[in-house]
Amino acid sequence: MTVRTRFAPSPTGYLHIGGVRTALFNWLFARQHNGQFVLRIDDTDQQRNVEAALQPILEGFRWLGIDWDEGPEVDGPYGPYFQSQRADRYQAAVEKLLETGAAYHDYARPEEVQAEREAAEKAKTQFSYSRTWMAESAEQRAAYEQEGRQAVVRLKMPREGSLIISDLIRGDVTFEWAREQDHVIQRADGSCLYHLATVVDDHDFQISHVIRAEEHLSNTPRQIFIAQSLGYELPQFAHVPYVAEPGSRTKLSKRKLSKYLKNRDFANLNDLGLKIADQLDLETDTDTFNPVIVDFYEQVGFLADAIVNYLLLLGWSLDDRTEFFSREEMIRDFSLERVNKAPASFDCLKLMAFEKHYMQELPLKQKVAKCLPFLQQAKLVTSPPPCDISEKVTKIVTAAGDRLTVAGDILDFKEFFVGNNEFEYEEKAFGKRLEKAPESVELLRSFREVLSDATAFDAETLEILLKGFVTEKEIKIGQIIHALRVAVTGKGVGFGMFETLEVLGKDSCLKRIDRTLAKLPT
RNA sequence: GGCCCCUUCGUCUAGCGGUCUAGGACUCCGGCCUUUCACGCCGGCAACACGGGUUCGAGUCCCGUAGGGGUCACCA
């Protein structure tokens, strides 16, 4: 049997991080079994702009390297892959269900059903539709229509017995048919509802394993009823736990941003994103730009591998110690049996730890390549970049080392890309290291002359110069180095001092020191 | 409320009856390194929800309780 899995996003305009994890599990399972991973678009409620709302989702998957064998843009033998284009299939299924008596026309008005529901609630009994307005013959239908009633199609669910679902993750789960409702599968206007559509599609696409979020577990009985009534062979089910809020067990939702922002780590991540986005002139509307949405990570320069690896371990593990997986390894090692049953909460700090790790592992050339677009977008570097810029960025990226966690962090070093009179001084650092340290200013003044006389300006030479200066003046290096850093970068912190000077070059260093000294009393 | 699911350090998790005075990772807290900030290194704090069984023996099996969550639409 060919393994075929699917992920069915609604075209909402963004890709939710929890959804990605579900998609990832589907993708891994399909790849592991040399099967196919299908993307089906759940657009049954006819959004206006499906195409526009779909693009960010497809883009997100592409960025993460989760490729689909069939679906939008690639099509496939079982298409169309948009539910809005499959109405005829659903219609045929409805007719078959009606024919076999598994479904019926129901002429109840919504308020009539609602009244029954409320009565049951008041009586504290289990609600079960009376089927009063059920019409199974042409005569009955005509009579109701005479009254001006319209029909929906309902499932004629069994009212006794039970169903055991053998879930690949949860084991056997038992449901009583009597608790199930005669769900509507087709509206009066002929449009079909989700549960019917999903069952028909999964069958048409020959999906072998339905791997989806656990919130669908309770919906599974009715889907099984539909499938069996239609004579379909059942797929295997695997209900994965959802991704929960930071520090909680509640399902992560994009609508509760303000709540998550109260979580310190989440807020920090969000701030990191905002800081970078601000310099890039990005749209930062919280609806589309926040750590619950995959786009966020791409835009601020996260590594897709880090996100994927983190998500993989959110609810799954191989053993008691393996943390890092290449794509090949995760495809090889993944298994549904080892997916946890309990929800896992989204931990920004852990995600950052993976990002740091992958960034450290990234070859220098690729790091530079990741950073350049950010410098361009922030207009710190022209597009196309001048030919010597790559060398300069390489030096900075090297010197920055682990200080670059996401590619957008390169913008923390913008002082290297602006004019000597344009970089800004951090007030605090300026005060502490210069204004309130007149002796350091004096040392800076004399070290400026040493630099001025320097014939070579590489980090190694500069270190020898400064160390010699320190020995000669009989001072501690800290007495000059902090002042020097503020003088040439405007900042109190940064990477190695000598690398800083080298990257700036002699001319810039002298000009910057002069500019700084000019701001101070003599 | 009915039904269903879940419950090991703050978080992600290992554990499938004895090797568990519960292991790893992230976080946090010390210390070292150091020109700042990071990195790195060393060390430390920290958990089997509770109560009954079963068993020679339970984190591991069973039953309750509590807590958390999901689902009960002419949404997906």
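Hydrogens, waters and symmetry mates are skipped; everything else that's a heavy atom, side chains included, is used. In what follows, chains are A, B, ... by sequence order, proteins preceding strands, each numbered from 1.
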Any-strand Watson-Crick or G-U partner of G40(B), both distances under 3.5 Å = C32(B)
Okay, side chain of E147(A), backbone of Y144(A): is any donor-acceptor separation there less than 3.5 Å?
-> no
Answer with base, sugar-phosphate or nothing: what part of the nucleic acid does G494(A) contact at a heavy-atom distance below 4.0 Å?
-> base
Tell me the partner of U65(B), counting only Watson-Crick (N1-N3 plus N6-O4 or O6-N4) or G-U wobble (N1-O2 and O6-N3) with both under 3.5 Å; none if nothing fits.
-> A49(B)
Name the pairing partner of C3(B), where a pair is Watson-Crick or G-U wobble with both distances under 3.5 Å, or state none.
-> G70(B)
Contact class for R40(A) (heavy atom, under 4.0 Å): base, sugar-phosphate, or nothing?
-> nothing
Indicate whether H239(A) forms a stack on G70(B); treat it as stacked only if centroid distance is below 5.5 angstrom and interplanar angle below 30 degrees.
-> no
Could you tell me the separation between the NZ atom of K341(A) and the P atom of U7(B), rounded to a whole number of Å?
-> 7 Å
Could you give me the CA-CA distance, side-chain angles and deciding distance for T489(A) and R485(A), then say whether side chain to side chain donor-acceptor pair (under 3.5 Å) is met?
-> CA-CA 6 Å; T489(A) 67; R485(A) 182 187 303 285; 5.8 Å; no
Please step through ring pair (Phe, Tyr, Trp, His ring centres under 6.0 Å) for the pair Y297(A) and Y310(A), ending with a clear verdict.
-> CA-CA 13 Å; Y297(A) 300 95; Y310(A) 171 71; 9.1 Å; no
So what does V173(A) hit on the nucleic acid, given a heavy-atom distance under 4.0 Å: a base, only sugar-phosphate, or nothing?
-> sugar-phosphate
Checking all strands, does F354(A) fall into the base, sugar-phosphate, or nothing category for heavy-atom contacts under 4.0 angstrom?
-> nothing
S218(A) side chain near G70(B) phosphate (N/O to OP1/OP2, under 4.0 Å) | no
Tell me which of I481(A) and L217(A) sits closer to the 5' end of RNA chain B, going by the nucleotide each one is nearest to.
-> L217(A)
So, is R187(A) close to the C75(B) phosphate, meaning a side-chain N or O under 4.0 Å from OP1 or OP2?
-> yes
Residue K350(A), side-chain atoms from C-beta onward, closest of A14(B), C74(B), A25(B) | A25(B)
In Watson-Crick or G-U wobble terms, both distances under 3.5 Å, what is the partner of C9(B)?
-> none
Gap in Å between the two P atoms, one belonging to G44(B) and one to U35(B), rounded | 28 Å
Residues Y104(A) and D182(A): side-chain donor-acceptor under 3.5 angstrom | yes
With distance as the sole criterion, do the side chain of R433(A) and the base of U36(B) form a donor-acceptor contact below 3.5 Å?
-> no
Student check: side-chain heavy atoms of R212(A) and V240(A) closer than 4.5 Å | no
Give a yes-or-no answer on whether the side chains of N270(A) and Y260(A) include a donor-acceptor pair shorter than 3.5 Å.
-> no
Starting at the 5' end of RNA chain B, which residue's closest nucleotide do you reach first, D319(A) or T174(A)?
-> T174(A)
Sequence neighbours excluded and cut-off under 3.5 Å, please list the side-chain donor-acceptor pairs for residues 333-340 of chain A, or say none.
{"from": "R338(A)", "atom 1": "NE", "to": "S317(A)", "atom 2": "O", "distance (Å)": "2.8"}
{"from": "R338(A)", "atom 1": "NE", "to": "L318(A)", "atom 2": "O", "distance (Å)": "3.0"}
{"from": "R338(A)", "atom 1": "NH2", "to": "L318(A)", "atom 2": "O", "distance (Å)": "3.2"}

Hey, does G247(A) reach any base, or is it just sugar-phosphate, or nothing, if we go heavy atoms under 4.0 Å?
-> nothing
Looking for any heavy atom pair under 4.0 Å, which part of the strands does N219(A) touch: base, sugar-phosphate only, or nothing?
-> base
Verify the contact: side-chain N or O of S345(A) to OP1 or OP2 of C12(B), cut-off strictly under 4.0 Å; return yes or no.
-> yes
Looking only at atom P, what distance separates U34(B) and C29(B), rounded to whole Å?
-> 23 Å
Any side-chain N or O of R338(A) less than 4.0 Å from the OP1 or OP2 oxygen of G15(B)?
-> yes
Rounded interatomic separation in angstrom, taking CD from E426(A) and C1' from C37(B) = 11 Å
A73(B) C1' sits how many Å from Q223(A) CD, rounded?
-> 15 Å
Classify the nucleic acid contact of G401(A) as base, sugar-phosphate or nothing, counting any heavy atom under 4.0 Å across all strands shown.
-> nothing
A342(A) side chain: which of C12(B), U71(B), U7(B) is closest?
-> U7(B)
Phosphate oxygens OP1/OP2 of C5(B): is one of them under 4.0 Å from a side-chain N or O of R249(A)?
-> no
A14(B) and C32(B): how far apart are their P atoms, nearest whole angstrom?
-> 37 Å
Separation of atom CZ in R321(A) from atom C1' in A25(B), rounded to whole Å | 10 Å
H183(A) (side chain) and A73(B) (base): donor-acceptor pair under 3.5 Å = no
Are there any protein N/O atoms within less than 3.5 Å of an N/O atom in nucleotides 38-47 of chain B, and if so, which ones and at what distance?
{"from": "C39(B)", "atom 1": "O4'", "to": "D402(A)", "atom 2": "OD2", "distance (Å)": "3.3"}
{"from": "C39(B)", "atom 1": "O3'", "to": "Q360(A)", "atom 2": "NE2", "distance (Å)": "3.4"}
{"from": "C39(B)", "atom 1": "O2'", "to": "D402(A)", "atom 2": "OD2", "distance (Å)": "2.3"}

Go through the side-chain N and O atoms of T198(A) and Q223(A) and say whether any donor and acceptor fall under 3.5 Å apart.
-> no
Calculate the interatomic distance between D265(A) atom CG and U27(B) atom P; express it in whole Å.
-> 10 Å
Rounded to whole angstrom, note down the P distance from U21(B) over to G30(B).
-> 31 Å
Classify the nucleic acid contact of F127(A) as base, sugar-phosphate or nothing, counting any heavy atom under 4.0 Å across all strands shown.
-> nothing
When rounded to whole Å, the CD to P distance for the pair E337(A) and U13(B) reads 17 Å
Salt bridge (Lys or Arg N to Asp or Glu O under 4.0 Å) with E245(A): which of K256(A), R255(A), K262(A)?
-> K256(A)
Base-pairing assignment for U54(B) (Watson-Crick or G-U wobble, both under 3.5 Å) = none
Derivation of the ring pair (Phe, Tyr, Trp, His ring centres under 6.0 Å) call for Y81(A) and W68(A) | CA-CA 12 Å; Y81(A) 293 89; W68(A) 56 101; over 10 Å; no
Is N340(A) near enough to C6(B) that one of its side-chain N or O atoms lies under 4.0 angstrom from OP1 or OP2?
-> no
For C61(B) versus G68(B), give the span between their C1' atoms, rounded off to a whole number of Å.
-> 24 Å
Quantified in whole Å, what is the C1' atom distance between nucleotide C50(B) and nucleotide G59(B)?
-> 14 Å
Select one nucleotide: of G70(B), C4(B), C5(B), the one nearest the side-chain heavy atoms of F175(A).
-> C4(B)
Using atom C1' of each nucleotide, how far apart are G18(B) and A58(B) to the nearest Å?
-> 10 Å
Using a 4.0 Å heavy-atom cut-off across all strands, classify A108(A) as base, sugar-phosphate, or nothing.
-> base
Write down the distance between CD (E245(A)) and P (G70(B)), rounded to a whole number of angstrom.
-> 9 Å
Rounded to whole angstroms, how far apart are CD on E415(A) and P on C37(B)?
-> 17 Å
List the steps, then state whether side chain to side chain donor-acceptor pair (under 3.5 Å) holds for N219(A) with Y194(A).
-> CA-CA 11 Å; N219(A) 300 329; Y194(A) 170 75; over 6 Å; no
Of the nucleotides U13(B), G10(B), C75(B), which one has an atom closest to the side chain of A344(A)?
-> U13(B)
